[in-house]
Amino acid sequence: MSWLPLSFGAPMVLWGLIALPVIWWLLRFTPPKPQTEVFPPLRILAKVLKSDDTPNRSPWWLTLLRLVMAALVIFAIAEPVWNPRERIPVGGNLLALVIDNGWASAPDWDKRVATAGRLINDAEKKEMPIILAFTAEKANQQIGPYSAGEARSRLNAAQPRPVPVDRDGVFLAVANTIGDQPGVTLALLTDGLAAKDDAKAFAPLLERKLANIVWATPDRLDTVGLTAADNGLDRFSVTAVRAPAGAAPRVMTAGAFDEKGRRIGDAAITFRPGETSASGEIVVPFELRNDFASISLDGENQAAGVRLLDGTAKRRRVGLLSQAPTDDTRQLLSPLYYIRQALEPSADIIEPKSPDLLEAIPQLLEQKPAVIVMGDVGTIPEATREPLIKWMQNGGTLIRFASTRLLTAGNDEELLPVKLRLGERQLGGALSWTEPQKVTEFPANGPFAKLAPPVDVTVTRQILAEPTPTLAERTWATLADGTPLVTADRRGKGIVVLFHITPSATWSNLPISGSFVEMLRAIVQLSRNQGAIGTTAENGPSASLPPYRMIAADGLIGPPSGEAKPLQTGKGPLPVTIENPPGLYGTEDSVFAHNLLTADTVLTPISKPTASVPVVTESYAVDESRDMKGPLLFGALALLILDGLIVLWLAGLWRRNARRVAAAAIALIVLPTLFMPVPPASASDAKPDDPQAIEATAVTRLAYVLTGNSSIDSVSRAGMAGLTRFLREKTALEPGDPAGVNIENDDLAFYPLVYWPVDANVAVPSQAAIARIDEYMKNGGTILFDTRDQYTASLETSTSPATLRLREILGNLNVPPLEPVPSDHVLTKSFYILNDFPGRFAGSPLWVEASLEATNPDNRPVRTGDGVSPIMITANDFAGAWAEDGSGSPLLPTVPSDPMQRELAFRSGVNIMMYMLTGNYKSDQVHVPDLLQRLGQ
């Protein structure tokens, strides 16, 4: 019996509501207990004059109260359930519960656990043993049978795994455990995705004596995974796949992250209606693309939504090869000089130890280069020709240049992109009618299409190609007369490229132009790395790579677990397993990316097996039903207590003991307040014996102002923590952890220095706060204002939003005259010798209280007193330079990117703190000899 959203476990009990009229009749005509009075004669006489009859039945409101109490008891005994869910049919003698806990189950794992928990609860009520197995675990896992309590404990301890499911092996183990036992309820909680040989996996289970099958799948199959991430010529391409069940239009964003987890690029991936595969592009310079360490899909909290990158997607290794002898006195005539100069800034250059091609080519191939450049090479020895061709077939890029050796070597169809005429063409000269040719527009079918043709480049000699129908398709650059300058052709997965001029400036001035650098880099970016040196892919020599960084089931990257084992490469395909989960294998110097999905992965919805027993389809959901029996009984008990109090009142007990009742009422009101938590006292309420004040003054602590902007406050917190660590390492000061202060409420007297990042979006402090700040500065405290806007103009003329807000704040304070830190100020020598005070930015001065006579260096207060400037102002973003993560790595880059600037920023912070704590004692004459010695004077 059920009335949504309420159902009853024992609906027959509700027939007891029929007894409510009888209860009403009994209560209505049952008079209350007679009232007892003492015998004061005068009181009796006073009541004689009144007409007061004792009722012969209870008041209507008391009757209604008791009827409600009886109804609540009846409803409670009927076992009501609010928002009930349909019961899952669990019958027979045994429950076999098999749960997919692979990578696709991570996003809604809690719903799967809740569904499995309801199945276990139903089996517990029928005292059924339970077999519990997980398909992403090993096939030899312990699966029971268990009691309901044991099964529930194992279920709560289980976690999703970042690996594919193994239904074949686990289903076979479950079938063997079931054996010939009849009346089995088989519950299959799947992730909704098909696995290899699912039909074969289901067969052993369907052959058992099943009573029924519970089939659970997600309501929506919208899982998306990354299958490829390629560093192309001028962009980074990302490919994602989804199951056909999620064929509605969808737009996703993939973020590119560097090794420190900073997001440095985004790609938009759009799935059109019906599409199961889509791609996105990140168009950034290749220097930035080489910093990509991982790609992650926003909103996909599972292992397939992350793809790690290793050396194959980063900076290319380029091998240089030449038969010409090396002459250090004539480097400009070397065939490889201009090539080396063009590629060294953007590629890793490798060269063989021997000039002999029989030794040089194998030496280069062992280092797995992406590109091999032959500057002056003619005939390739037969012993090395086949390995070189195989290297190109697997994705290598071979770049060759014209030379006299190439002319004498003849045509080689495998190692040349086009057929050559056996002779060179000379343009210009006293005996020639032709003139040197210029380079024309680059063809659109080549990698140079976006480059501007060089205006000042001319060609005086070249090797011509034989005219063929495919010559135009293979031409990447041409001269003004239409003859090819650069030709190329595919060789399997690789490319062979030929420059029809020499790599030196003898046949053309192209090698000494900027266009030559751009052309070589464009070709290198077309190449594909062949793997990290020392690591191998599928067909290379075997290697054992230790786990380095692993992808968790929720897509987070972290250290390897104890189950991860070294990855054995070079033995064919490398599957993702519990022992080898997806992640990076190797060492910090060289890693191999072992990703979850391959380029040919297709996500297919799982098919429901055809069985001869009933199959009940269930959806994953968290159980939101609530048992109302307890609340109803509690309500009936409360009404019973209320009824008792009313009866006592009607009997006159409260009137005879009015004082006691009043005392009890007061106790009921006062006692709860004794157990209420007392709010912590603020610093402004501190007393001499206040433990909080004692703790705050026991150690020196840096403070920063809380602006309410989470991003600014987090940088300030990390910055002050970074400066604190630097102070502990470099000085004798041992400051405590930094503290965030609220300008409106907190007392600043405990902190010698308060760092205040000025935010234009934060309101100006109240007048009470301004007064407290002014008092803090008068009593010796210093506030360091940081506008973080890198103003280059003077403080008075800057019009940035942060500076304008700073003027509003300072307009209410008693600010002394300010000036940039003079060259002889104690701040420049309080610990380190400094000329300026950079932060994350450089160029803005540090403003402090001006001297009484700024033009007179002999009359500066910093020389004569121990006072400290109560205010400092900068725009260099000190906290941004000091901010570090837990490992000590900088959170934000300096502008410009200079490690020494960050070091100087830390030294500036040390000098400021030493100046705050020691005053101007470094201006004493006793320190002058030491300072002069350090300055080298």
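Residue numbers run from 1 in the order of the sequence given.
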(message) Let's go through D191 and S105 carefully: what are the C-alpha distance in whole Å and the side-chain angles of both, what is the deciding distance for side-chain hydrogen bond (donor to acceptor under 3.5 Å, both in side chains) to 0.1 Å, and is it a yes or a no?
(response) CA-CA 5 Å; D191 57 16; S105 65; over 6 Å; no
Side chain to side chain donor-acceptor pair (under 3.5 Å) involving [X] - partner list, sequence neighbours excluded:
X: S296; value: none
X: E884; value: R725
X: D198; value: R167

Could you list the donor-acceptor pairs under 3.5 angstrom formed by side chains in residues 548-558, with sequence neighbours left out?
unit_1: D554; atom_1: OD1; unit_2: L556; atom_2: N; d: 3.2

From [atom1] ([X]) to [atom2] ([Y]), nearest 0.5 Å:
X: R161; Y: S561; atom1: CZ; atom2: OG; answer: 7.0 Å
X: T185; Y: L95; atom1: OG1; atom2: CG; answer: 6.5 Å
X: E137; Y: N101; atom1: CD; atom2: CG; answer: 5.0 Å
X: L97; Y: L188; atom1: CG; atom2: CG; answer: 9.0 Å
X: I130; Y: R152; atom1: CD1; atom2: CZ; answer: 7.5 Å
X: T115; Y: D110; atom1: OG1; atom2: CG; answer: 9.5 Å

(request) Please step through side-chain hydrogen bond (donor to acceptor under 3.5 Å, both in side chains) for the pair T135 and D100, ending with a clear verdict. (result) CA-CA 5 Å; T135 57; D100 283 345; 2.6 Å; yes
Does any N or O in the side chain of [X] come within less than 3.5 Å of the main-chain N or O of [Y], such that one atom is a donor and the other an acceptor?
X: R154; Y: A133; result: no
X: N595; Y: L308; result: yes
X: S153; Y: G149; result: yes
X: S714; Y: S710; result: yes
X: T397; Y: I372; result: no
X: E366; Y: Q363; result: no
X: W391; Y: P369; result: yes
X: Q302; Y: A304; result: yes
X: N394; Y: K493; result: no
X: R317; Y: Q367; result: yes

Specify the closest pair of heavy atoms between [X] and [Y], including all atoms of both residues, with the distance to one decimal.
X: S527; Y: R316; value: O-NH2, 2.9 Å
X: P244; Y: L603; value: CD-O, 3.1 Å
X: I578; Y: P581; value: O-CD, 3.4 Å
X: Y585; Y: L545; value: CD2-O, 3.5 Å
X: A522; Y: P447; value: CB-O, 4.1 Å
X: F257; Y: G261; value: CD2-O, 3.5 Å

(request) Please test T239 against S277 for side chain to side chain contact (heavy atoms under 4.5 Å, CB included), starting from the C-alpha separation and ending with a verdict. (result) CA-CA 7 Å; T239 304; S277 178; 3.9 Å; yes
(message) Under the rule for salt bridge (charged side-chain N to carboxylate O under 4.0 Å, His left out), what residues qualify as partners of D258, not counting sequence neighbours?
(response)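 Listed in chain order: R262.
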(request) Could you list the residues that satisfy salt bridge (charged side-chain N to carboxylate O under 4.0 Å, His left out) with E386, not counting sequence neighbours? (result) none
(request) Just grab all the salt bridge (charged side-chain N to carboxylate O under 4.0 Å, His left out) pairs involving residues 599-615, residues at least two apart or on different chains. (result) none
(message) Filter on salt bridge (charged side-chain N to carboxylate O under 4.0 Å, His left out), then keep only pairs touching residues 297-308, sequence neighbours left out; what's left?
(response) R250-E300, R263-D298
(request) Run the numbers on F236 and F292 for ring-ring contact (aromatic ring centres under 6.0 Å, His included), then give the verdict. (result) CA-CA 10 Å; F236 199 97; F292 291 175; 5.2 Å; yes
(message) Run the side chain to side chain contact (heavy atoms under 4.5 Å, CB included) test on L132 and L155 for me, step by step, so that the C-alpha distance in whole Å, both residues' side-chain angles and the decisive distance to 0.1 Å come before the verdict.
(response) CA-CA 8 Å; L132 181 61; L155 174 65; 4.3 Å; yes
(request) Establish, from distance only, whether the side-chain atoms of D266 and T253 form a donor-acceptor pair under 3.5 Å. (result)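 On atom types as modelled, these side chains do not qualify, holding no pair under 3.5 Å.
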Looking at residues at least two apart in the chain, or sitting in another chain, which of them share a side chain to side chain contact (heavy atoms under 4.5 Å, CB included) with [X]?
X: D108; answer: K111, R112, P218, Y620
X: P204; answer: L172, A175
X: V576; answer: V163, P164, P582, H594, L596

Within a strict 4.5 Å, meaning less than it, do heavy atoms of the [X] and [Y] side chains meet?
X: L226; Y: I295; answer: yes
X: I213; Y: P614; answer: no
X: V602; Y: V241; answer: no
X: L574; Y: F592; answer: yes
X: W215; Y: L186; answer: no

(request) For salt bridge (charged side-chain N to carboxylate O under 4.0 Å, His left out), just list the numbers for R491 and D489, CA-CA rounded to whole Å, side-chain angles, deciding distance to a tenth of an Å, and then say yes or no. (result) CA-CA 7 Å; R491 294 293 183 268; D489 193 20; 2.7 Å; yes
(request) Applying side chain to side chain contact (heavy atoms under 4.5 Å, CB included), run through I399 and V371 and close with a yes or a no. (result) CA-CA 7 Å; I399 303 177; V371 181; 3.7 Å; yes
(request) Kindly check if the number of other-residue, nucleotide or ligand heavy atoms within 6.0 Å of CD (Q393) is above 12? (result)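 Check passes, neighbour count above 12.
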(message) Check this for me, if you would: do E563 and K138 make a salt bridge, where the nitrogen-to-carboxylate-oxygen distance has to be below 4.0 angstrom?
(response)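 No, this pair does not count.
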(message) Show every ring-ring contact (aromatic ring centres under 6.0 Å, His included) that has at least one partner inside residues 131-161, sequence neighbours left out.
(response) none
(request) Quick one: do E618 and R118 satisfy side chain to side chain contact (heavy atoms under 4.5 Å, CB included)? Show the steps, please. (result) CA-CA 12 Å; E618 180 69 16; R118 292 198 301 275; 3.6 Å; yes
